[in-house]
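These values consider heavy atoms only, across backbone and side chains, with no hydrogens, waters or symmetry-generated copies.
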Amino acid sequence: MDDGGAAPPHGDDVGEFVAWVLTLRSWSAAWDALRKRSDAGDFAFLGDVVVEAERHRPSDGGYLPSNLGSIHDFARALLAKSPTGSAAVELTRLASVGSDAALALQASHVASQQALDTAVQLFVGPAENAAVHRLRELLAQELLLRNPEAASDPVLTAWWASDRPADPLQWLPPVLADFEHDAVLQKYDLGGGSCAIPFGPYCDATDNVSATERPHRALAWQPQPEDPVRTARLAAPFDPFWKSETRTVRFDTPLGPDDVADALLSLGLDALAGIEHGPRMWCAQLTPHDVWEQMFAATANGGAYGSGDGAGIARLAAAQGMAALMGLPADGSFEDVVAAADASTWYRFDAQSDWYEQVAWDSGVACLAPDRRQLAVVAATDTD
């Protein structure tokens with residue numbers, strides 16, 4: 001449906017503008033009105049629209065009505081395209097409006113659409129409140145992942161060295177590890193976001209563990225002591241968007257390169273139920289980057305319909321997920337993760353099983369410890 005000649009109200013009464021939006025059957029007219037405000041440099045009006053729209057958000061933090069959600073997101077996107085001057089004032093003002101997810105999305109929009117020397121202007125001057133500090137932490141990670149020059153940018157270097165409130169993202173160093181380069185990142189414009197999909201299914205008739213099926217060799221293993229914290233850390237990169245399953249076991253004898261597929265099939269995973277060694281299973285030894293990418297992309301971009309948590313939060317979740325796969329303690333350092341990653345052996349897998357959805361969001365990652373006996377596994381699939 002189209003509202004044709006629907007005209008926005010005259011004047012600067014934002015409440016009246018939002019009330020008008022609620023009468024529309026489509027929102028192209030509202031987008032046009034907001035775009036004209038942006039072209040005229042009236043960024044304060046855009047900020048006021050976001051604030052007014054947020055007043056209609058359900059008390060449980062749920063979704064806005066679709067028409068309000070559309071203008072809310074469009075106004076934020078317009079501000080992200082011009083994050084200087086009065087637009088920067090509005091971006092920092094709006095940091096206190098909405099959820100942490102909204103901050104992460106705002107950081108992604110700015111980092112995706114702006115040159116580094118423009119985006120770093122949001123780090124100049126004191127932060128007015130905790131929400132602005134959080135926006136900067138998220139934006140710094142986004143810029144680091146998207147711009148090779150960010151690690152040496154003088155504005156960011158000064159900010160990283162500054163005294164600022166504690167934030168979980170500060171566990172991450174201001175320099176990328178080798179396995180963190182070339183991340184799959186959302187690209188944003190006024191129409192929304194898009195990105196590549198790095199997941200499976202990869203299992204097909206030509207790229208699998210065997211062209212012919214045989215019963216798997218049952219390899220003996222012992223379960224490891226229950227550790228709910230580690231289990232949660234293993235699954236965290238895929239939660240809440242995906243269904244996941246984890247295992248951490250110790251095999252009685254070291255696994256050779258040709259044993260890993262049979263080892264996975266020996267674990268009794270629901271993800272591999274009904275599968276034998278053959279063309280219905282894919283398993284390959286890959287690099288730490290390949291496994292990190294699975295965890296990073298699942299957190300950053302979500303699944304089929306979830307929008308994800310953004311690159312900043314995803315960098316943290318992926319590194320800590322890898323730490324859990326390697327059996328490192330939760331209070332270990334990022335440097336511990338980097339050192340252990342090079343000493344471990346990494347695999348990905350998926351299968352044509354009933355558990356996997358077999359659309360475009362199937363994943364299986366595994367880490368074999370240096371002694372080649374301890375194996376940690378996460379299987380995940382998006383069920384939307």
Quiz item: What's the shortest heavy-atom distance between Leu139 and Ala119, and which atoms?
Solution: CD2-O, 4.1 Å

Exercise. Drop me the distance from Leu135's CG to Leu91's CG, to the nearest 0.5 angstrom.
Key: 7.5 Å

Practice problem: Please report the shortest heavy-atom distance between Ala104 and Ile313, naming the atom on each side. | Solution: CB-CD1, 4.4 Å

Quiz item: Looking at residues at least two apart in the chain, or sitting in another chain, which of them share a side-chain hydrogen bond (donor to acceptor under 3.5 Å, both in side chains) with Asp371?
Solution: Arg250

Practice problem: For the residue pair Thr248 and Leu234, establish whether any side-chain heavy-atom pair is separated by less than 4.5 Å. | Solution: yes

Quiz item: Could you give the distance from CG (Asp182) to CD (Glu293), rounded to the nearest 0.5 Å?
Solution: 8.5 Å

Quiz item: Where the side chain of Ser38 meets the backbone of Leu34, is there a donor-acceptor pair that is under 3.5 Å apart?
Solution: no

Quiz item: Could you give the distance from SG (Cys367) to CE (Met322), rounded to the nearest 0.5 Å?
Solution: 7.5 Å

Quiz item: Is a donor on one side and an acceptor on the other found under 3.5 Å between the side chain of Asp350 and the backbone of Tyr202?
Solution: yes

Quiz item: Does Ser82 reach the main-chain N or O of Leu79 with its side chain, forming a donor-acceptor pair under 3.5 Å?
Solution: no

Quiz item: Does any pair with a residue in residues 116-174 pass ring-ring contact (aromatic ring centres under 6.0 Å, His included), and if so which ones, sequence neighbours excluded?
Solution: Phe123-Trp159, Trp171-Phe334

Practice problem: Under the side chain to side chain contact (heavy atoms under 4.5 Å, CB included) rule, what do Val377 and Thr246 come out as? Steps first, then yes or no, please. | Solution: CA-CA 5 Å; Val377 176; Thr246 68; over 6 Å; no

Exercise. Could you walk me through whether Arg76 and Leu105 pass the side chain to side chain contact (heavy atoms under 4.5 Å, CB included) test, one step at a time?
Key: CA-CA 9 Å; Arg76 282 189 179 272; Leu105 181 61; 6.0 Å; no

Quiz item: Is there side-chain contact between Leu219 and Leu255, with heavy atoms separated by less than 4.5 Å?
Solution: yes

Quiz item: Under the salt bridge (Lys or Arg N to Asp or Glu O under 4.0 Å) rule, what pairs show up with a residue in residues 236-246, not counting sequence neighbours?
Solution: Glu245-Arg247

Self-check item: Qualifying salt bridge (Lys or Arg N to Asp or Glu O under 4.0 Å) pairs, either residue in residues 118-144, two or more places apart
Solution: Asp100-Arg134, Arg134-Asp167, Glu137-Arg164, Glu142-Arg146

Exercise. Hey, could you give me the CG/CG distance between Leu375 and Leu325, rounded to the nearest 0.5 Å?
Key: 9.0 Å

Quiz prompt | Under the ring pair (Phe, Tyr, Trp, His ring centres under 6.0 Å) test, residues paired with Phe238 that sit two or more places apart | solution = Trp242

Quiz item: Are any side-chain N or O atoms of Gln186 and backbone N or O atoms of Gly310, one a donor and one an acceptor, separated by less than 3.5 Å?
Solution: no

Quiz item: What residues, two or more places apart in sequence or in another chain, satisfy side-chain hydrogen bond (donor to acceptor under 3.5 Å, both in side chains) together with Ser70?
Solution: Trp27, Trp31

Quiz item: Okay, side chain of Gln374, backbone of Phe251: is any donor-acceptor separation there less than 3.5 Å?
Solution: no

Self-check item: Which atom of Val337 lies closest to which atom of Ala323, heavy atoms considered
Solution: CG2-CB, 3.7 Å

Quiz item: Nearest heavy-atom pair of Arg315 and Leu144: which atoms, and what distance?
Solution: NH1-CD2, 3.4 Å

Quiz item: Would you say Thr381 and Ser363 make side-chain contact, with heavy atoms under 4.5 Å?
Solution: no

Quiz item: Are any non-hydrogen side-chain atoms of Phe241 and Asn301 less than 4.5 angstrom apart?
Solution: no

Quiz item: Does Arg93 have any salt bridge (Lys or Arg N to Asp or Glu O under 4.0 Å) partners at least two apart in sequence or in another chain, and if so, which?
Solution: Asp48, Glu90

Quiz prompt | Distance-only side-chain donor-acceptor flag, Arg233 / Gln320, under 3.5 Å | solution = no

Quiz item: Any donor and acceptor pair, going by atom type alone, linking the side chain of His277 with main-chain N or O of His216 inside 3.5 Å?
Solution: no

Quiz item: Who are the salt bridge (Lys or Arg N to Asp or Glu O under 4.0 Å) partners of Asp32, not counting sequence neighbours?
Solution: Arg35

Exercise. Please round to the nearest 0.5 Å and tell me the distance separating atom NE2 of His72 and atom CD of Glu52.
Key: 12.0 Å

Quiz item: If every non-hydrogen atom of Ala77 is compared with every non-hydrogen atom of His109, which pair is closest and at what distance?
Solution: CB-CE1, 3.9 Å

Quiz item: Which heavy atom of Thr157 sits nearest a heavy atom of Ser152, and at what distance?
Solution: OG1-C, 3.8 Å

Exercise. Using the ring-ring contact (aromatic ring centres under 6.0 Å, His included) rule, collect all pairs that involve residues 35-68, keeping only residues at least two apart or in two chains.
Key: Phe17-Phe45

Quiz item: So, does Arg348 use its side chain to make a donor-acceptor pair with the main chain of Ala284 at under 3.5 Å?
Solution: no

Quiz prompt | Residue Asp13 excluded, over 12 heavy atoms near CG under 6.0 Å | solution = yes

Quiz item: Quick check: are there more than 12 heavy atoms from other residues, nucleotides or ligands sitting under 6.0 Å from CG of Asp163?
Solution: no

Quiz item: Listed by chain and number, what are the side-chain hydrogen bond (donor to acceptor under 3.5 Å, both in side chains) partners of Asn147, not counting sequence neighbours?
Solution: none

Quiz item: Does atom CD of Glu335 have more than 12 heavy-atom neighbours, drawn from other residues, nucleotides or ligands, at distances under 6.0 Å?
Solution: yes

Self-check item: side chain to side chain donor-acceptor pair (under 3.5 Å) assessment of Ser96 paired with Asn129
Solution: CA-CA 8 Å; Ser96 301; Asn129 52 50; 3.1 Å; yes

Quiz item: After noting the C-alpha distance and the side-chain angles of Glu54 and Leu94, does the key distance pass the side chain to side chain contact (heavy atoms under 4.5 Å, CB included) rule?
Solution: CA-CA 10 Å; Glu54 282 290 346; Leu94 295 180; over 6 Å; no

Quiz item: Any donor-acceptor pair under 3.5 Å linking the side chain of Trp346 with the backbone of Ala341?
Solution: yes

Quiz item: Is any side-chain heavy atom of Pro168 less than 4.5 Å from a side-chain heavy atom of Leu316?
Solution: yes

Practice problem: Decide yes or no for Val51 and Arg55: does some side-chain heavy atom of the first lie under 4.5 Å from some side-chain heavy atom of the second? | Solution: yes

Self-check item: Between CG on residue Asp382 and OG on residue Ser244, distance to nearest 0.5 Å
Solution: 11.5 Å

Exercise. Taking the side chain as every heavy atom from C-beta outward, state whether Cys283 and Val209 have any atom pair closer than 4.5 Å.
Key: yes

Exercise. Carefully, step by step, assess Asp362 and Glu357 under the rule side chain to side chain contact (heavy atoms under 4.5 Å, CB included).
Key: CA-CA 7 Å; Asp362 291 345; Glu357 292 295 312; 4.1 Å; yes

Exercise. Can you tell me which residue pairs pass the salt bridge (Lys or Arg N to Asp or Glu O under 4.0 Å) test with a partner in residues 211-220, sequence neighbours excluded?
Key: Arg214-Asp262, Arg217-Asp259, Arg217-Asp262

Quiz prompt | Donor-acceptor under 3.5 Å (Gln113 side chain, Val110 main chain) | solution = no

Quiz item: Same cluster for Val338 and Met295 if Ile/Leu/Val/Met/Phe/Trp/Tyr side chains link at under 4.5 Å?
Solution: yes

Quiz item: Is the shortest heavy-atom distance from the side chain of Leu267 to the side chain of Trp221 under 4.5 Å?
Solution: yes

Practice problem: Please list, chain by chain and in numerical order, all residues satisfying side-chain hydrogen bond (donor to acceptor under 3.5 Å, both in side chains) with Thr118, sequence neighbours excluded. | Solution: none

